[in-house]
Amino acid sequence: SIRPDRRHVPGLALAAILVALAAAGAAAESAILGQGVIEALVLALLLGVVARNVLRDTARFEPGASFAAKPVLELGVAFLGAAVDLRQLLAAGPVLALIIVGGVVLGIAFGYIIGRALGLHAKLAILVAVGNAICGNSAIAAVAPVIRAEKKDVASAIGLTAVLGVCLVLGLPLLIPVLALSHYDYGVLAGMSVYAVPQVIAAAFPVSQLSGAVARRSSCRPGSRRKSRPRWPGCYAMTTCARRWAPPARPAPRNSAGSG
């Protein structure tokens, strides 16, 4: 059922507490360090792992946690789509829109092919690909329910995406002499290659102030600290593909007359 009942209350309450703690932790990072280092979604994931291993009688939290991971998360995806400012995207010109869409499509395609070649199963390869091609953890969280990914796949994809982000932060500066990049060019490359704003800053500002400033402008839309690559077209495409790939759902067993 998509309607919450009393069985969902403990899990939903725990999820709300963890979300509040994660948001507070991310806000504290920004206040103390001047910028976020670990995203709120990653903090929430880590807190969830801790709660799972520390709390006793976790079975009573599972109905609410499962409800939060499906209908509530899908509602969050709808809010992500509502946050996209199409007027801003169109005002930037059709060339930029084509570059963004083409880059995302190619990034997902190549990421999926590489993931499969390295032995990842299909759904995990998709999650890692969209995480790196679109906007990291929020893209993974948005696509996971669409392709019916398991919780362990979501956790693995977030971890792999974080590792790949660190590799980009450490490896991108090495391309400056190889490609004969100016500091401005490197800033554009870092801003368009690294998915998370904190990692963009870590990759670009150590090279120069100009690279950092250009990278930050390249990675964010005006007035926002989030990446500018849109999530909802990718989610729509994943929904269409999932309808073809996913096996038909088994009919739910009918409740007996005495069940509540």
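As the structure is a prediction and not an experimental result, all values here were calculated from the model.
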Visitor: What is the minimum heavy-atom distance between G111 and A129, and which atoms define it?
Guide: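 Closest pair (atom of G111, atom of A129, distance): C-CB, 3.8 Å.
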Visitor: Would E62 and R52 count as a salt bridge (charged side-chain N to carboxylate O under 4.0 Å, His left out) here? Give the steps.
Guide: CA-CA 10 Å; E62 289 182 2; R52 174 79 178 186; 3.5 Å; yes
Visitor: State, yes or no, whether a side-chain contact exists between L172 and Y186 at a heavy-atom distance under 4.5 Å.
Guide: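 Answer yes - side chains close enough.
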Visitor: For a quick test of reading the model, state the closest non-hydrogen atom pair linking A44 to A22 and the distance between them.
Guide: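 Shortest heavy-atom separation between A44 and A22 comes out as N-CB, 3.5 Å.
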Visitor: Would you give the length of the straight line joining atom CG of L175 to atom CG of D185, rounded to the nearest 0.5 angstrom?
Guide: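 Rounded to the nearest 0.5 Å, the CG-CG separation comes to 12.5 Å.
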Visitor: If you apply the rule side-chain contact (heavy atoms from CB on, under 4.5 Å), what do you find for L55 with L14, and how did you get there?
Guide: CA-CA 11 Å; L55 295 176; L14 177 61; 3.8 Å; yes
Visitor: When hydrophobic residues are tied together by side-chain contacts of less than 4.5 Å, even through go-betweens, does L168 share a cluster with V178?
Guide: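 Cluster IDs for L168 and V178 match.
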Visitor: Using a 4.5 Å cut-off on heavy atoms from C-beta on, say whether the side chain of N53 contacts that of V49.
Guide: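 Yes, their side chains come closer than 4.5 Å.
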Visitor: Establish whether L118 and L160 are linked, either directly or via other cluster members, by ILVMFWY side-chain heavy-atom contacts under 4.5 Å.
Guide: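 No.
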Visitor: To the nearest 0.5 Å, tell me how far I126 CD1 sits from I108 CD1.
Guide: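 Separation between the atoms: 9.5 Å.
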Visitor: Walk me through it: do H121 and R116 pass the test side-chain contact (heavy atoms from CB on, under 4.5 Å)?
Guide: CA-CA 6 Å; H121 63 80; R116 294 290 286 160; 4.3 Å; yes
Visitor: Decide whether L164 and V154 are clustered together by the hydrophobic rule: side chain heavy atoms of Ile, Leu, Val, Met, Phe, Trp, Tyr closer than 4.5 Å, transitively.
Guide: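 In one cluster with L164: V154, no.
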Visitor: Of all the heavy-atom pairs spanning S156 and L124, show the shortest one and how long it is.
Guide: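 Looks like CB-CD1, 3.9 Å.
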Visitor: Testing the basics here: between R56 and F61, what is the closest heavy-atom pair and its distance to 0.1 Å?
Guide: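 It is O-CE1, 4.3 Å.
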Visitor: Using every non-hydrogen atom in the two residues, find where A215 and A204 come nearest and quote the distance to one decimal.
Guide: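 Smallest interatomic distance, heavy atoms only, reads CB-CB, 3.5 Å.
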Visitor: Give me the one residue out of I140, L127, V166, V130 that meets side-chain contact (heavy atoms from CB on, under 4.5 Å) with T161.
Guide: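 Testing T161 for a side-chain contact (heavy atoms from CB on, under 4.5 Å) against I140, L127, V166, V130 leaves exactly one candidate, I140.
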Visitor: Check whether S211 reaches the backbone of H183 with its side chain - one donor and one acceptor, N or O, closer than 3.5 Å.
Guide: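 The answer is yes, because a donor-acceptor pair under 3.5 Å joins these two groups.
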Visitor: Taking all non-hydrogen atoms of both residues, which atom of A125 and which atom of Y112 are closest, and how far apart?
Guide: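 Smallest heavy-atom distance, with atoms named: CB-CD1, 3.7 Å.
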Visitor: Say you draw a straight line from CG of L210 to CZ of F205; how long is it, rounded to the nearest 0.5 Å?
Guide: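 If we round to the nearest 0.5 Å, L210:CG and F205:CZ are 10.0 Å apart.
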Visitor: Do you reckon L179 sits in the same ILVMFWY cluster as V207, going by side-chain contacts under 4.5 Å, direct or chained?
Guide: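 Result: yes, single cluster for both.
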Visitor: Please answer whether the main-chain N or O of I147 pairs with a side-chain N or O of K123 as donor and acceptor at a distance below 3.5 Å.
Guide: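 Looks like yes, one N/O pair under 3.5 Å.
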Visitor: Hydrophobic cluster membership, with links at side-chain heavy-atom distances under 4.5 Å among I/L/V/M/F/W/Y: are L189 and I176 in one?
Guide: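 Same hydrophobic cluster.
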